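Worth saying up front: this structure is predicted, and the values here are computed from it rather than measured.
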Amino acid sequence: MFYQLSIYVKILSIVSNKLSCLRNSKELFEIEPIFENCDRIMGVSHFSLKRGALILLTALTFLCGPAVRAQVGNPTNDQRLTLAIDVTESLHITSPSYLSITISGGQLRRGLIGYDFSSQKLKNLAAALSPADVRIGGTYSDFLNFDLTSDNANCVEVTAPGKSSMEALDFTLSGQRWDNITRFCDQVGWDILWDFNLLDRHNGSWDPTLATEFLDYSSSRGMKIPMFELGNEPNLYERKFDVDIKADQLVKDYSTLKDLLSQMPQYAASGLYAPGVNNLDTFSSSRKYLAQFLQNDGCEITTEVALHHYYFKAEEAHTQDFMDVDVMDTLRTQLEFAYNISWSSCRLRKPIRFTETSTASGGGVPDVSNAFIAGFLWLDKLGLSATFGITRVLRQTFLKSSYALVTKNLKPNPDYYLSVLFKRLVEGPVFSVSKEGLKPEVRIYAQCVGKSYYNYPDGAIVVYYLNVGSESSVLSLGQFQGTDVHLFILSPGDENGMLSRKVKLNDELLEMNASDLPSLEPKPHSGDVPLAPKSFGFIVIPEADVQLCKQYHRHDDGKIVSC
C-alpha cells in the first residue's frame, strides 16, 4: 500500500517539519510508547513516517494527538527573535583544540592515499585546523602491526590473501612511514591520539609486547604522543570478531598500558581515553558497557571518557535527515546518557570527549555527507556538545571518505570551511542562550571569540546559528542592540543547492589559490540580522565587552586565566 502512494511524498515533505510525533529527548521515556504504537500500526519507523504518503498525515494526526495538529497549521513568516544571552557565567570552557580530527585505521591500512606529506597544499589545509588532536585509529587499528626495521615509506604492507578472515585484515606499519606521519603532525600543529591494537592478546589479556617495541622506537626518536587508546568500540567485538572483552577486563588492559607508559619518561604523563563505545542514545549495550567500565575502576584509570557518535547508518540515511531537528536531538539524548552514567558511576564526574564522530557511519553518505547540507548537523553538534562540556569533538575524518573534510585530491568539502571558521572564531566560555520564542528549526549558540586569527577585542563574543526551516527569521541583538557586527554567512556554492560540493562565504565563492586557502573575511553589518531559510553562519559582536571573555583572554606570565 505504501509504495502505491509515492506520488504524495513530495507534498508530504512540505509539511514534514510540522510533525511532532517524534523523539524529544527531554520526554523520551514518556512518549516512547507513542512511537512504538505508530511504528506497529503504520509498519514504518518514526523517521520514515515523515517521508511516507500524504494519506498517513490524517492517521498521524489522530494517532499522535494534539501535538501533531498544533504543529501543522498557521505558519508565520519572518519571525522576529530577540537574542538573550546570559554572559554573567559560563556553562563550560572549550579549548582551541575543541574541534579536532581523525585519520582512520582503514586509511592507514590502504597506504594513506592522498597524504603526500611533502605537499604544501596538504600542509596548509591541515595547519588551518590547528591546534588540534588527531586520532589515528579505528576498526583497523586492531589489526595493525609495527615493523621498525622496515624503511618502506611509500606503502603499508598488507597480509597476503589466503589467510583466515581475521588474519587477512592484518597489516604492517613501517618505521619510516611512522616517522613521516609524526613529522607531519608536528609541522601542522596536531597532537596525536594513538589507538593500540586491543586484539593483540595472550591468555585472555592484552599483550603489550608489540606496543613496547612501538613506544621504544617512538621514544628513541623523540616523537610526541600525548594521548592513547586501546581498541575501537570494544562493546561490539563479540558480534564483529567473536572475541568477548568484558568491561572489567578492558579496565585491566588499560591498567597494563598505564603501567607500561609509566616506565617511559616520554609518555608517563600521556592521557588515556576509554572505552570508546558507540551511540549511547541507540544501544542499551553501549550504556551498560560504559557503566560497567567506569564502575570497575575505569574512572580512576582513564583521563577522560571516550565516546563515538553517528546520527545514522550510511545505508539507512536519507537526505532529509541532515536537516531534521528530531535527528539533531538524538545527540542531546546521547549527551544526557553520558553525563548521567558518569555522574552515577564516578566519585568525581569525568570529562567526556567524542574521539570519533560524524554524520553517518560506514564512511558517510556519498554526495551528501560531503555536501553543503552536512554542515547543519556538524555545526549543531559542535554547539550542543559545547553546552554540555564535551572537551573534544574529533571529526571523522580529515581526508578521503564521504564524510571527510577534504577529498583525496585535496579539494575542501563545505564542512572544511565551516570547520576552519569555527576554529578561528569560537573559543573559551560557553554561554546560555534563551530558547524562549525560538522555533525548533532555529538553533543559536554563543561563546567568546578566539583571538589567534582575527584579533578581535578581548570582550568580543560570537553567535553561531543554523536555520533548517523553510521560513525566514530576523535576529534582534537584544542586550547588544546598536553595536555593529561582523557576519560570516555560509551558503551553497552552485546550482546544486543543499547538495552543492562548493560553498560561498557572504555570497563569495570560496576557492583555493593553488596551495593557499581563500581569504575568509567578514561582512560588516548594522542592525537586525536576517536568518535566511536553510542557512547557517557566525555573527561576531566585536564591542560586546563581555567580562568573562576579557578574563579568559587576560594573560598572566603567559598563562591564560580561565574563568
Side-chain angles (χ1 to χ4, degrees), residues 14 16-18 71 74-87 320 322-329 371-384 386-387 414-415 417-419 421-422 425-426 430-447 449 460-493 497-498 500 503-508 510 520-542 544:
I14 298 174
S16 64
N17 288 332
K18 305 302 181 181
Q71 291 288 331
N74 301 320
T76 59
N77 293 317
D78 296 331
Q79 180 192 31
R80 185 176 181 83
L81 310 173
T82 299
L83 186 64
I85 305 173
D86 182 0
V87 296
Q320 299 94 319
F322 287 73
M323 299 179 66
D324 191 322
V325 295
D326 301 292
V327 172
M328 293 176 181
D329 283 341
F372 179 84
I373 195 172
F376 293 99
L377 288 178
W378 181 223
L379 187 58
D380 191 63
K381 176 171 289 185
L382 292 168
L384 187 58
T387 65
D415 272 5
Y417 288 115
L418 172 58
S419 300
L421 281 172
F422 192 96
L425 292 172
V426 184
V430 182
F431 301 115
S432 176
V433 179
S434 174
K435 301 298 189 293
E436 185 176 353
L438 284 183
K439 294 183 289 187
E441 295 83 6
V442 178
R443 308 288 180 107
I444 298 178
Y445 303 97
Q447 293 188 236
V449 173
I461 67 169
V462 56
V463 175
Y464 49 108
Y465 80 92
L466 53 138
N467 180 5
V468 298
S470 57
E471 300 168 357
S472 300
S473 294
V474 176
L475 183 64
S476 175
L477 297 181
Q479 68 259 49
F480 308 106
Q481 195 71 39
T483 61
D484 292 337
V485 300
H486 286 174
L487 302 183
F488 297 82
I489 309 302
L490 294 164
S491 59
M498 292 295 107
S500 175
V503 62
K504 293 180 179 178
L505 174 63
N506 299 323
D507 293 325
E508 294 291 331
L510 297 179
L520 303 178
E521 296 301 322
K523 177 181 179 181
H525 180 82
S526 298
D528 295 342
V529 179
L531 307 183
K534 298 179 174 56
S535 70
F536 51 81
F538 303 83
I539 306 165
V540 175
I541 308 176

S.K.: In sequence, state the C-alpha distance, the side-chain angles, and the governing distance for S491 and F536, and then conclude on side chain to side chain contact (heavy atoms under 4.5 Å, CB included).
M.R.: CA-CA 8 Å; S491 59; F536 51 81; over 6 Å; no
S.K.: Around atom NZ of K435, are there more than 12 heavy atoms of other residues, nucleotides or ligands at under 6.0 Å?
M.R.: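 Count over threshold, so yes.
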S.K.: Within a reach of under 6.0 Å around CD of E508, are more than 12 heavy atoms found that belong to other residues, nucleotides or ligands?
M.R.: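 No - once you tally the heavy atoms of other residues, nucleotides and ligands closer than 6.0 Å, there are 12 at most.
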S.K.: Please report the closest heavy-atom contact between G527 and L477, naming both atoms and the distance.
M.R.: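 Shortest heavy-atom separation between G527 and L477 comes out as O-CD1, 4.3 Å.
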S.K.: Side chains of L490 and L421: closer than 4.5 Å at any heavy-atom pair?
M.R.: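 Sidechains of L421 and L490: in contact.
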S.K.: How many angstroms lie between CD in E436 and CG in L81, if you round to the nearest 0.5 Å?
M.R.: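 CG of L81 is found 11.5 Å from CD of E436.
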S.K.: Whether the side chain of N467 engages the backbone of A532 through a donor-acceptor N/O pair (distance < 3.5 Å, no angle test) should be reported.
M.R.: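 Yes, the answer is positive, given that a donor and an acceptor are paired below the 3.5 Å cut-off.
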S.K.: Between the side chains of R80 and D528, is the shortest nitrogen-to-carboxylate-oxygen separation below 4.0 Å, so that they form an ion pair?
M.R.: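 Yes, this pair counts.
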S.K.: Dump the intermediate steps for side chain to side chain contact (heavy atoms under 4.5 Å, CB included) on F538 and V463, then the final yes or no.
M.R.: CA-CA 6 Å; F538 303 83; V463 175; over 6 Å; no
S.K.: Run the numbers on I85 and I461 for side chain to side chain contact (heavy atoms under 4.5 Å, CB included), then give the verdict.
M.R.: CA-CA 10 Å; I85 305 173; I461 67 169; 3.9 Å; yes
S.K.: Does V485 reach the side chain of V540, with side-chain heavy atoms less than 4.5 Å apart?
M.R.: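 The answer is no, as the side chains (C-beta and beyond) never meet within the 4.5 Å cut-off.
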S.K.: Is there a side-chain contact between T387 and F431 in this structure, where contact means two heavy atoms from C-beta onward sitting under 4.5 Å apart?
M.R.: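 A side-chain contact under 4.5 Å is absent here.
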S.K.: If you compare all heavy atoms of S476 against all heavy atoms of Q481, which two are closest, and at what distance to 0.1 Å?
M.R.: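 Where S476 meets Q481 most closely, the heavy atoms are OG-OE1, 2.9 Å.
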S.K.: Are F488 and F422, when compared by the centres of their aromatic rings, separated by less than 6.0 Å?
M.R.: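 For F488 and F422, the ring centres are not under 6.0 Å apart.
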S.K.: Search all heavy atoms of P414 against all heavy atoms of S500 and return the closest pair with its distance.
M.R.: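 Between these two residues, the closest heavy atoms are CG-O, 3.7 Å.
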S.K.: On a heavy-atom basis, which atom in T82 and which in G478 lie closest, and how many Å separate them?
M.R.: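 Closest approach of T82 to G478: CG2-CA, 3.9 Å.
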S.K.: Run the numbers on Y465 and S473 for side chain to side chain donor-acceptor pair (under 3.5 Å), then give the verdict.
M.R.: CA-CA 11 Å; Y465 80 92; S473 294; over 6 Å; no
S.K.: For a quick test of reading the model, state the closest non-hydrogen atom pair linking V325 to R443 and the distance between them.
M.R.: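 Taking V325 first and R443 second, the nearest heavy atoms are O-NH2, 3.3 Å.
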S.K.: Could you walk me through whether V462 and I539 satisfy the side chain to side chain contact (heavy atoms under 4.5 Å, CB included) test, starting with their C-alpha distance in whole Å, then the side-chain angles of each, then the deciding distance to 0.1 Å, before giving a yes or no?
M.R.: CA-CA 6 Å; V462 56; I539 306 165; 6.0 Å; no
S.K.: Say you draw a straight line from CE of M328 to CE of M323; how long is it, rounded to the nearest 0.5 Å?
M.R.: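 Spacing of CE (M328) from CE (M323) equals 7.5 Å.
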S.K.: Can you tell me how far apart CG (L531) and CD1 (I489) are? Round to the nearest 0.5 Å.
M.R.: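 With rounding to 0.5 Å, CG (L531) is 7.5 Å from CD1 (I489).
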S.K.: Roughly how far, to the nearest 0.5 Å, is the CG atom of D380 from the CZ atom of F322?
M.R.: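 If we round to the nearest 0.5 Å, F322:CZ and D380:CG are 14.0 Å apart.
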S.K.: If you measure from CZ on F376 to CG on D415, what distance do you get to the nearest 0.5 Å?
M.R.: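 If we round to the nearest 0.5 Å, F376:CZ and D415:CG are 10.5 Å apart.
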S.K.: So does G437 get a backbone contact from the side chain of Q79, meaning a donor-acceptor N/O pair under 3.5 Å?
M.R.: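 Yes, Q79 side chain to G437 backbone: donor-acceptor pair under 3.5 Å.
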S.K.: How many angstroms lie between CG in D507 and NZ in K523, if you round to the nearest 0.5 Å?
M.R.: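 So the gap between those two atoms works out to 6.0 Å.
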S.K.: Closest approach of V468 and K534, non-hydrogen atoms and distance?
M.R.: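 That closest heavy-atom pairing would be O-CG, 4.2 Å.
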S.K.: As a quick check of understanding, evaluate side chain to side chain donor-acceptor pair (under 3.5 Å) for D484 and S526, giving each step before the final call.
M.R.: CA-CA 5 Å; D484 292 337; S526 298; 2.7 Å; yes
